Amino acid sequence: MIVLMDSEVITVLREIRDESKQTNLRLESLEGRVEQTNLRLESLEGRFEFLEKRLSHGLEGIKTTLVESIDLLTRQQTESELRLASEVVSLADVTREVRDLLSGRLDDHRMVLEHEERLKSIENRIAGR
């Protein structure tokens with residue numbers, strides 16, 4: 001019985017040994033796949049860093065362009081406002097001149113009306129004599 005047990009133990013031990021060999025083979029296969037995965041990750045990391053640098057550079061260029069555009073628009077807006085203010089002042093001057101001319105014309109018109117009344121009064125006095 002001891003021999004039989006020894007034989008069974010040896011069989012079990014052989015099975016364990018065979019299973020451990022298969023497990024080791026699978027582990028070696030997994031190690032190879034892990035190494036490939038690590039290489040791919042390192043490659044992706046390099047690409048990511050490259051894209052990050054390009055994006056940062058591109059965004060910096062966009063920022064510079066936007067700042068320049070905003071500066072240009074600010075200058076143009078300021079110039080437009082100055083021109084508009086100058087034109088408003090000119091319009092106010094012209095409006096004053098027109099007002100003065102109209103006022104003078106109204107005074108002349110009143111004077112003409114007064115002269116016409118005096119003429120009619122004189123004509124009526126001469127006609128009544």
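None of the values given here were measured: they were computed from a predicted structure.
For the atom pair N24 CG and E31 CD, the distance stands at 9.5 Å (nearest 0.5 Å). Put simply, CZ on R17 and CD on E15 are 10.5 Å apart, with the number rounded to the nearest 0.5 Å. Here the CD-CG distance, from E49 to L44, works out to 11.5 Å after rounding to the nearest 0.5 Å. Considering CZ of R40 and CD of E45, their distance stands at 15.0 Å, rounded to 0.5 Å. One finds the CZ atom of F48 at 9.0 Å from the CG atom of L55 (value rounded to the nearest 0.5 Å).
A heavy-atom distance below 4.5 Å is found between the side chains of R125 and I122.
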Candidate pair R14 and I10, rule side chain to side chain contact (heavy atoms under 4.5 Å, CB included), full reasoning: CA-CA 6 Å; R14 283 185 182 147; I10 289 175; 3.6 Å; yes
Give the C-alpha distance, both sets of side-chain angles, the deciding distance and a yes or no for side chain to side chain donor-acceptor pair (under 3.5 Å) between S80 and R83. CA-CA 5 Å; S80 293; R83 282 194 305 273; 3.3 Å; yes
Working note: E114 + E117, criterion side chain to side chain contact (heavy atoms under 4.5 Å, CB included); need CA distance, chi angles, decisive distance, verdict. CA-CA 5 Å; E114 287 174 8; E117 279 185 40; 5.7 Å; no
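A donor-acceptor pair under 3.5 Å is formed between the side chain of S56 and the backbone N or O of E52. Listed for the S86 side chain is a donor-acceptor partner under 3.5 Å among the backbone atoms of L82. No side-chain donor-acceptor contact under 3.5 Å links H57 to the backbone of K53.
Every side-chain contact (heavy atoms from CB on, under 4.5 Å) that R99 has, sequence neighbours left out, goes to R96.
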Check residues 58-78 and write down every donor-acceptor pair under 3.5 Å in which the side-chain atom is one partner and the other belongs to a residue at least two apart or another chain.
residue, atom, partner, partner atom, Å
T64, OG1, E60, O, 2.9
T65, OG1, G61, O, 2.9
S69, OG, T65, O, 3.0
T74, OG1, I70, O, 2.7
Q77, NE2, E81, OE2, 3.0
T78, OG1, T74, O, 2.8

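In R105, the CZ atom is not crowded: 12 or fewer heavy atoms of neighbouring residues, nucleotides or ligands sit closer than 6.0 Å.
In the hydrophobic clustering, L113 connects to no other residue, as no ILVMFWY side-chain heavy atoms lie under 4.5 Å from its own.
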